[in-house]
Amino acid sequence: MVTAGLLLAAGGGRRLGMPKALLPYRGRLLVDHAAAILTAAGCQPVVVVLGAQADEVRSRTRLPGVVLNDDWATGMGSSLRAGLSAVAASPAVAVVVTLVDMPGLTPEAVRRVALDATVDSLAVATYADGRRGHPVLLGRQHWAGVAEAATGDRGARDYLRAQGERVRLVPCADIADDTDVDLPEQAARLPG
């Protein structure tokens, strides 16, 4: 069974002062690092949704399948919809969705969340104190419902909440860090 990877990297980084995709991280851009995590985890295809300063991001990276979200300023929901639409053309039975601003994500966490993916799978990574986060696994039969529920800055959260116990919670705190980079002081602590 094929599981795709979907990286949401279109935002302008309002609080950060720049798109998170353009942050330097360990000798490359953070978006390259995040896409490489999905590739290393075995996701096929890997789709990266870009928006803010997309031309600059593209000129500085060698990303796999890129989708442009012209409506990126409306929030994450439009990026999720654009990405799911692109992944729908693939043979994937499910997609692992993650965000560009999680440098502590690992291929192991992606594989753990994607384990035994099917068309009706729903899974969410959990971290300290049961906090839900990314990556998220969405089986193909859920894509239309997720896309419909994704509005503004809300991605799949409302859809997943409505699914209740059908969502498999996957502990990942032992193999990944869900800390995200939102502020300049957080970005300053990243290894460049």
Side-chain angles (χ1 to χ4, degrees), residues 1-11 21 30-51 54 57-58 61-72 75-102 105-126 132-151 154-163 165-172 175-176 178:
M1 300 276 193
V2 177
T3 301
L6 177 55
L7 176 60
L8 305 183
L30 190 55
V31 69
D32 283 314
H33 169 76
I37 294 296
L38 292 170
T39 300
C43 296
Q44 296 181 346
V46 172
V47 173
V48 181
V49 181
L50 297 178
V57 174
R58 289 176 98 172
T61 62
R62 291 181 179 254
L63 295 169
V66 170
V67 172
L68 295 179
N69 175 12
D70 292 330
D71 294 328
W72 64 268
M76 181 181 11
S78 63
S79 291
L80 182 56
R81 290 191 307 273
L84 288 174
S85 178
V87 171
S90 79
V93 299
V95 63
V96 175
V97 181
T98 194
L99 308 175
V100 70
D101 65 351
M102 293 180 58
L105 185 64
T106 63
E108 294 80 17
V110 173
R111 283 192 290 270
R112 188 180 285 180
V113 169
L115 187 66
D116 299 325
T118 65
V119 294
D120 63 347
S121 293
L122 290 171
V124 175
T126 62
R132 294 181 183 204
H134 286 86
V136 172
L137 177 70
L138 306 170
R140 184 179 277 271
Q141 81 175 28
H142 299 284
W143 295 355
V146 168
E148 185 178 327
T151 59
R154 301 186 76 83
R157 182 181 322 158
D158 293 340
Y159 183 86
L160 292 169
R161 187 172 291 130
Q163 299 304 310
E165 293 185 13
R166 294 188 63 203
V167 179
R168 181 172 52 96
L169 301 179
V170 184
C172 290
I175 55 173
D178 69 330

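Computed from a prediction, not measured in an experiment: that's the story for all the values here. Hydrogens, waters and symmetry mates play no part in the numbers below; they use all other heavy atoms, side chains included.
- The CG atom of Leu122 lies 13.0 Å from the CD atom of Glu165; values are rounded to the nearest 0.5 Å.
- When atom types are taken as modelled, the side chain of Arg112 and the backbone of Pro171 share a donor-acceptor pair closer than 3.5 angstrom.
- Between the NE2 atom of His142 and the CG atom of Leu137 there is a distance of 9.0 Å, given to the nearest 0.5 Å.
- Under a cut-off of 6.0 angstrom, the local environment of CD in Gln44 is sparse, with at most 12 non-hydrogen atoms contributed by other residues, nucleotides or ligands.
- Leu68 and Arg58 get closest at one heavy-atom pair: CD1-NH1, 3.8 Å.
- You'll find the side chain of Thr98 stays beyond 4.5 Å of the side chain of Leu6, heavy atoms only.
- The heavy-atom pair separating Asp32 from Arg62 by the smallest distance is OD1-N, 3.9 Å.
- Remark: the backbone N or O of Leu8 is not paired with any side-chain donor or acceptor of Ser79 at under 3.5 angstrom.
- Looking only at side-chain heavy atoms (C-beta outward), Leu80 and Val97 come within less than 4.5 Å of each other.
- A donor-acceptor contact shorter than 3.5 Å is absent between the side chain of Thr3 and the backbone of Ala114.
- Taking 4.5 Å as the limit, some side-chain heavy atom of Ser90 sits within range of a side-chain heavy atom of Val87.
- Looking at Arg168, its side chain does come within 3.5 Å of a backbone N or O of Val113 through a donor-acceptor pair.
- Taking 4.5 Å as the limit, every side-chain heavy atom of Leu105 sits out of range of all side-chain heavy atoms of Leu38.
- Using modelled atom types, one side-chain atom of Arg81 and one backbone atom of Ala150 make a donor-acceptor pair closer than 3.5 Å.
- Residues Cys43 and Val110 approach most closely at SG-CG1, 3.9 Å, considering heavy atoms.
- When all heavy atoms of Val96 and Pro135 are compared, the pair lying nearest together is CG1-CB, 3.4 Å.
- Atom CD of Gln141 has more than 12 heavy atoms from other residues, nucleotides or ligands within 6.0 Å.
- Crowding of Asp120 atom CG: a count of heavy atoms from other residues, nucleotides or ligands under 6.0 Å exceeding 12.
- In terms of heavy atoms, Asp71 sits closest to Ser78 at O-OG, 3.1 Å.
- Side-chain contact between Asp101 and His134 is absent, with no heavy atoms from C-beta onward closer than 4.5 Å.
- Counting only heavy atoms from C-beta outward, the side chains of Val57 and Leu63 approach each other to under 4.5 Å.
- Taking CD1 of Ile37 as the reference point, atom CG of Leu7 lies at 10.5 Å (rounded to 0.5 Å).
- Nearest approach of Leu138 to Trp143, heavy atoms of both residues: O-NE1, 2.9 Å.
- For the atom pair CZ (Arg111) and OG1 (Thr106), the distance works out to 8.0 Å, reported to the nearest 0.5 Å.
- Looking at heavy atoms from C-beta onward, Arg157 lies out of side-chain contact with Met76 at the 4.5 angstrom threshold.
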